[in-house]
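Structure record follows, encoded as structure tokens.
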Amino acid sequence: MASHSESIIREPLITGKDITYAQITNDVLRPVENMPGKAWWIGFTVASLGACLWVFAVSWTFWYGIGEWGLNKTVGWAWDITGFVWWVGIGHAGTLISAILLLFRQNWRNSINRSAEAMTIFAVICAASYIVCHMGRPWMFVYSLPLPNTYTLWVNFNSPLIWDVFAISTYFSVSLVFWYTGLLPDLATIRDRATGLRRKIYSFCSFGWTGSVKTWQRFETVCLILAGISTPLVLSVHTIVSMDFATSLEPGWHTTIFPPYFVAGAIFSGFAMVQTLLLVTRKVLGLENYITMFHIEAMNIIILLTGSIVGVAYLTEFFIAFYSGGEYEQYTFLNRFIGPYWWAGCMMYGCNVLMTQLMWFKSIRRNIPIAWVLSIVVNIGMWFERFVIIVTSLHRDFVPSSWAMFYPTWVDVSIFIGSIGLFFTMFLLFIRVLPSIAMAEVKLILKSSSEQAKKKLLEHGGLDPEQVEHYKGSLVKFDSVEITDYQKA
């Protein structure tokens, strides 16, 4: 439970006048209980068209084989593995926000964890679809699992590709259970307000939640246990994905910096996608009082931090290549600047390092349109990072006679664009049928971390005048606070 005597200098996590528990419920459930608006229908139509394109392109691939992609003898991995790693990275922010911030008792996570967790699940689904497509014969997927079978086939536990299967499936399972567990009290709230068939559906989904003291105790215990289980996954999943490359002997891949480098990049791209989604969601659904400028700036600071870590990793990579004395390793990194894919390298460094440094300025971090554009730029840069790592390291092999260029086909492009459409389709359906904010968790901090709670502290008096002025000055950045209420005549 949150403390009821929070310091006045802390910025409010909930803004607005006379916010009550009932109003929180009404505000969060408005898009669930009412018909969707025009903006939702436009977004859903566009996303559904993308999802249909994905279904068509994937079906085409299953029917004709992966020869329909732009792969060749030299470049055997390209847009497929690029998309896989990109989507897995995007799915990292949800676990970090849900698990690690919960263990550290960071209450600002309460307003954004639900959407971030949903984003994680949808991103992992998109990532897994790439792996299934790349198998060529998806019905053979069962043989990647250590299950007895009539063919007496057994998996090679020394292969990082098998590690991927275990890592991704574990990550998805734990994330799904964690997400759904957090939904139970909110599903019960919808159940109690619904009628007819909707009431029966939400009653079944809420697993008989009663809201008793014992139920809440067990709920909090289970959440802490799941958070403890999920925390190692933040580090392990993308570490294992990075070993797909790091355990090889390919120049540009064979480096020990990949595990921490990939984890930092995953959190970097994941928080950027959370920003992309929530900055639009808060505006369209009218949730500015719950997803405040404090949340936006905090996420931008994490993007700045992880982006800087990624930038240091880039410099370390170049130093290792130079210091190693290996001519093939040195040429691979030089090829990223002067080779035929130089433009991809420029996009990678420009979007991930240079553009991110703009967030050192408060005016940039607190500017919603600019922050939204930068969040998109970050994920564009992170896609190019995976493309550069994979394609530019492969397309010029040890023997010049085997050098080749990769050119994506319409199937490559369609699967990638379609996966984005599939992702947004699932997210839009999520905010239509489930609460996008964890109501029960937001209500926990209403009496301690809301604007109205701070106002009561001001009315009672006895506070340090410097702290009071500091608090009032911090409210200037909030777009959901009536600053004139704090100005003296």
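FYI, the numbering just counts along the sequence from 1.
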Give a yes or no on whether the ring-centroid distance for Trp79 and Trp86 is below 6.0 angstrom.
-> no
With no hydrogens and no angle check, do the side chains of Asp192 and Thr189 hold a donor and an acceptor under 3.5 Å apart?
-> no
What is the ring orientation for His238 with His92, classed by angle as parallel under 30°, tilted 30 to 60°, or perpendicular over 60°?
-> perpendicular
Specify the closest pair of heavy atoms between Ala78 and Leu71, including all atoms of both residues, with the distance to one decimal.
-> CB-CD2, 3.7 Å
Taking atom NZ of Lys455 as the centre, does the number of heavy atoms from other residues, nucleotides or ligands within less than 6.0 Å exceed 12?
-> yes
Got a sec, which residues hit side-chain contact (heavy atoms from CB on, under 4.5 Å) with Thr239, two or more places apart in sequence or on another chain?
-> Met243, Pro259, Val263
May I ask you to check whether over 12 heavy atoms, not counting those of Arg218, lie within 6.0 Å of atom CZ?
-> no
Does the ring center of Phe427 lie less than 6.0 Å from the ring center of Phe424?
-> no
Check against side-chain contact (heavy atoms from CB on, under 4.5 Å), Met347 and Trp383 = CA-CA 10 Å; Met347 289 290 292; Trp383 187 91; over 6 Å; no
Flag the pair Trp40 / Pro31 as yes when at least one side-chain heavy-atom distance between them is below 4.5 Å, and no otherwise.
-> no
Would a 4.5 Å heavy-atom cut-off, applied to side chains only, mark Trp163 and Pro160 as touching?
-> yes
Is the backbone N or O of Asp18 less than 3.5 Å from a side-chain atom of Gln452, with the two atoms forming a donor-acceptor pair by type?
-> yes
Of Ser98, Ser175, Ser230, which is the lone residue that meets side chain to side chain donor-acceptor pair (under 3.5 Å) with Glu117?
-> Ser98
Counting only N and O atoms by type, is there a donor-acceptor contact under 3.5 Å from the side chain of Asp412 to the main-chain atoms of Gly70?
-> yes
Would you verify whether the NZ or CZ of Lys477 falls within 45 degrees of the ring axis of Phe294 while also being under 6.0 Å from that six-membered ring's centre?
-> no
Does any non-hydrogen side-chain atom of Phe268 lie less than 4.5 Å from one of Thr356?
-> yes
If you take all heavy atoms of Phe478 and Met293, which pair is closest and at what distance?
-> CA-CG, 3.7 Å
Where does the angle between the aromatic ring planes of Trp410 and Trp60 fall among parallel (under 30°), tilted (30 to 60°) and perpendicular (over 60°)?
-> perpendicular
Tyr341 vs His395 aromatic rings, parallel, tilted or perpendicular, using cut-offs 30° and 60°?
-> perpendicular
Do you know which of Arg193, Lys443, Arg30 makes side chain to side chain donor-acceptor pair (under 3.5 Å) with Thr25?
-> Lys443
To the nearest 0.5 Å, atom OG1 of Thr170 lies from atom CD1 of Ile229 at 11.0 Å
Within a radius of less than 6.0 Å around OH of Tyr21, do more than 12 heavy atoms belonging to other residues, nucleotides or ligands occur?
-> yes
Do Phe423 and Trp54 come within less than 4.5 Å of each other through their side chains, counting heavy atoms only?
-> no
Taking the inter-plane angle between the rings of Phe219 and Trp216 on a 0 to 90° scale, is it parallel (under 30°), tilted (30 to 60°) or perpendicular (over 60°)?
-> perpendicular
So do the side chains of Leu187 and Trp209 get within less than 4.5 Å of each other, counting heavy atoms only?
-> no
How are the rings of Phe384 and Phe387 set relative to one another: parallel (under 30°), tilted (30 to 60°) or perpendicular (over 60°)?
-> perpendicular
So do the side chains of Gln275 and Leu374 get within less than 4.5 Å of each other, counting heavy atoms only?
-> no
Pairs meeting criterion salt bridge (Lys or Arg N to Asp or Glu O under 4.0 Å) with involvement of residues 179-188, two or more places apart | Arg114-Asp186
Does any donor atom in the side chain of Thr215 or Thr210 lie under 3.5 Å from an acceptor atom in the other side chain?
-> yes
Is there a side-chain contact between Ser436 and Leu287, using heavy atoms and a 4.5 Å cut-off?
-> yes
Would a 4.5 Å heavy-atom cut-off, applied to side chains only, mark Met382 and Ile90 as touching?
-> no
Pairwise salt bridge (Lys or Arg N to Asp or Glu O under 4.0 Å) hits with a residue in residues 280-290, at least two apart | Arg282-Asp479
Any donor-acceptor pair under 3.5 Å from Trp253 side chain to Ile389 backbone = yes
